[in-house]
*Asks:* 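First the structure, which I've put down as structure tokens, then a few questions once you've had a look.
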Amino acid sequence: MQRLLAVLLVLIGLIGLVLGRLGETTWAPETETTATATLEDPGPAVVIDPGVLYVGGEEGEVVIEGASDVSVITASNSDIDAYLEGVHHTRVTGASDWSTLSTEDVEPDGAAEISDPTGSDLWRSVDTSASPYTLDIAEFWAAENGENEQVYRSLLIVTDGTAAGADKISITWPVDEENEWVPYAYAGGAAIAVIGLVLLVVSIGRRGDEDEDELLEEPQEARSSEARTSLATGGAAAGAAAGGLSEDRDGSDAPRAEDPLDAPGAREVGEQSVWSFGDRADDAGTGADGTASDAGSDGTASDAPSNGGSPDADPSGDADQERR
């Protein structure tokens, strides 16, 4: 049960780590946002109002697409307004949301062409590039706030003076956003996985100790079983022998158990025991005066008691006689 719980905790921890990684990659919020304006009939000029480039911050990128080479002109706001007086043009005034730029159609009935849009002496800078034209917002901001500070300048965008000033304008800003739950997923997943691994190691170690104890107990149980079997076998043999002796004493004709004395060497041990008993009896027949009665080879007593008594009255002689 403990091992199963440990495995589940490890799996949950791994899932937490995977969710955290997905929160940083697949499920992560966009690292940038882009606001776009598609211009269908903008007129020969398009103006980006001051401050529009900084709606999403002081870093980003502006991309301008046109039918031909695109020219981006900087000048004072009053000079640009004076130049476009009576001319149909479009102004980019801001962002209605993070994906759409707000535009305003100015003097729709005005002139549809402008002459020499890049040759006027009113411009402070003119930069022409093939479509799509790219402008770095950070560089533009540094130029506005450097030695020649020109804060919140308008941008005049033109092509050849006859075609549309721009077909599409996009401004992209970086976004510093992340899923707030990602750190918690990492921390929680790692903690749960570590706890599961610790429990798993403990359960494996405990299982190993139990197996070792079982291995140690099995030989002891086997020896106990063998001892019990030997005792039971010996008891059965002894009982059978006793039953055979009893039947012999009763005079029955039933087969008796094997006499233990029939075993090799058993009778010699028995005879030695009997003669040993006789020797002890001889020792017991020693008189109080230190003399002993010994049997002769011819079966008669070799010595008579010192008090002159008859042989029949000598206890040691009777014992000797009985031994013969």
Side-chain angles (χ1 to χ4, degrees), residues 32-96 100-174:
E32 58 186 23
T33 183
T34 301
T36 303
T38 301
L39 308 173
E40 295 181 356
D41 185 17
V46 177
V47 177
I48 299 178
D49 285 348
V52 174
L53 299 184
Y54 309 133
V55 170
E58 297 172 355
E59 295 181 355
E61 185 179 70
V62 181
V63 178
I64 303 170
E65 299 178 11
S68 60
D69 293 347
V70 177
S71 298
V72 176
I73 301 171
T74 62
S76 66
N77 297 331
S78 58
D79 289 343
I80 292 176
D81 291 341
Y83 180 78
L84 293 177
E85 186 177 358
V87 177
H88 177 214
H89 62 282
T90 299
R91 303 184 73 94
V92 179
T93 59
S96 57
T100 305
L101 292 173
S102 301
T103 59
E104 180 184 353
D105 192 12
V106 181
E107 298 188 26
D109 297 332
E113 296 182 3
I114 51 177
S115 59
D116 192 14
T118 60
S120 174
D121 57 0
L122 298 175
W123 314 141
R124 294 177 180 176
S125 66
V126 177
D127 187 17
T128 302
S129 177
S131 177
Y133 179 95
T134 300
L135 173 66
D136 188 89
I137 295 176
E139 292 180 358
F140 189 80
W141 182 88
E144 284 196 325
N145 294 274
E147 295 179 358
N148 300 320
E149 184 174 343
Q150 302 177 44
V151 182
Y152 294 113
R153 292 175 293 170
S154 296
L155 289 178
L156 174 61
I157 302 171
V158 296
T159 51
D160 58 1
T162 58
D167 295 332
K168 183 178 180 180
I169 299 176
S170 299
I171 304 177
T172 301
W173 298 283

*Asks:* Identify which one of Asp49, Leu39, Val46, Leu53 satisfies the side-chain contact (heavy atoms from CB on, under 4.5 Å) criterion when paired with Val92.
*Replies:*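 That would be Val46.
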*Asks:* For residues Tyr133 and Val72, report the shortest heavy-atom separation together with the two atoms involved.
*Replies:*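 In terms of heavy atoms, the two residues are closest at CE2-CG2, 3.3 Å.
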*Asks:* For Ser68 versus Ser131, what's the shortest heavy-atom pair and its separation?
*Replies:*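 Taking Ser68 first and Ser131 second, the nearest heavy atoms are O-CB, 3.6 Å.
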*Asks:* To the nearest 0.5 angstrom, please state how far the NZ atom of Lys168 sits from the CG atom of Leu101.
*Replies:*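 Taking NZ in Lys168 and CG in Leu101, the distance rounds to 11.0 Å.
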*Asks:* I'd like to know if the side chain of Glu104 and the backbone of Arg91 have a donor-acceptor N/O pair within less than 3.5 Å.
*Replies:*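 Not confirmed, Glu104 side chain does not pair with Arg91 backbone.
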*Asks:* Should Ser170 and Thr34 be marked as a side chain to side chain donor-acceptor pair (under 3.5 Å) after you check the CA-CA gap, both sets of side-chain angles, and the distance that decides it?
*Replies:* CA-CA 7 Å; Ser170 299; Thr34 301; over 6 Å; no
*Asks:* Kindly give the heavy-atom pair with the smallest separation between Asp41 and Thr90, and that separation in Å.
*Replies:*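 Shortest heavy-atom contact: O-OG1, 4.3 Å.
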*Asks:* What pairs of donor and acceptor atoms, side-chain ones from residues 113-122 against any protein atom, are under 3.5 angstrom apart with sequence neighbours left out?
*Replies:*
residue, atom, partner, partner atom, Å
Asp116, OD1, Gly119, N, 3.2
Ser120, OG, Leu122, N, 3.2

*Asks:* Tell me which one of Asp160, Asp127, Thr128, Thr159 satisfies side chain to side chain donor-acceptor pair (under 3.5 Å) with Ser71.
*Replies:*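 Answer to the side chain to side chain donor-acceptor pair (under 3.5 Å) test with Ser71 among Asp160, Asp127, Thr128, Thr159: Thr128.
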*Asks:* Looking only at non-hydrogen atoms, find the nearest pair between Ala45 and His89 and report the distance.
*Replies:*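 Looking at all heavy atoms of both residues, the shortest contact is O-CB, 3.2 Å.
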*Asks:* Only distances under 3.5 Å count here; give the side-chain donor-acceptor pairs of residues 55-67 to other protein atoms, sequence neighbours excluded, each with its distance to 0.1 Å.
*Replies:*
residue, atom, partner, partner atom, Å
Glu58, OE2, Trp141, NE1, 3.4

*Asks:* Which one of Leu156, Val158, Asn77 satisfies the side-chain contact (heavy atoms from CB on, under 4.5 Å) criterion with Val47?
*Replies:*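 For Val47, the side-chain contact (heavy atoms from CB on, under 4.5 Å) check succeeds only for Leu156.
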*Asks:* Might you point out which heavy atoms bring Pro42 and Ala166 nearest each other, and give the distance in Å?
*Replies:*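 Minimum heavy-atom contact is CG-O, 3.3 Å.
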*Asks:* Is any side-chain heavy atom of Ile169 less than 4.5 Å from a side-chain heavy atom of Thr103?
*Replies:*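 No, too far: nothing below the 4.5 Å cut-off.
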*Asks:* For Tyr83, give me all partners under ring-ring contact (aromatic ring centres under 6.0 Å, His included), at least two apart in sequence or on another chain.
*Replies:*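 Partners of Tyr83 under the ring-ring contact (aromatic ring centres under 6.0 Å, His included) test: Trp123.
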*Asks:* Taking C-beta and beyond as the side chain, do Ile137 and Ile171 meet within less than 4.5 Å on heavy atoms?
*Replies:*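 A side-chain contact under 4.5 Å exists here.
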*Asks:* Measure the spacing between CG of Leu84 and CG of Asp79 and express it to the nearest 0.5 Å.
*Replies:*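 The CG atom of Leu84 sits 11.0 Å away from the CG atom of Asp79.
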*Asks:* Shortest non-hydrogen contact from Asp136 to Glu139?
*Replies:*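 Of all heavy-atom pairs spanning Asp136 and Glu139, the closest is OD2-N, 3.0 Å.
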*Asks:* Only one of Ile157, Val70, Leu155 passes side-chain contact (heavy atoms from CB on, under 4.5 Å) with Leu135; say which it is.
*Replies:*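 For Leu135, the side-chain contact (heavy atoms from CB on, under 4.5 Å) check succeeds only for Leu155.
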*Asks:* Roughly how far, to the nearest 0.5 Å, is the CG atom of Asp69 from the OG atom of Ser129?
*Replies:*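 That separation rounds to 7.0 Å.
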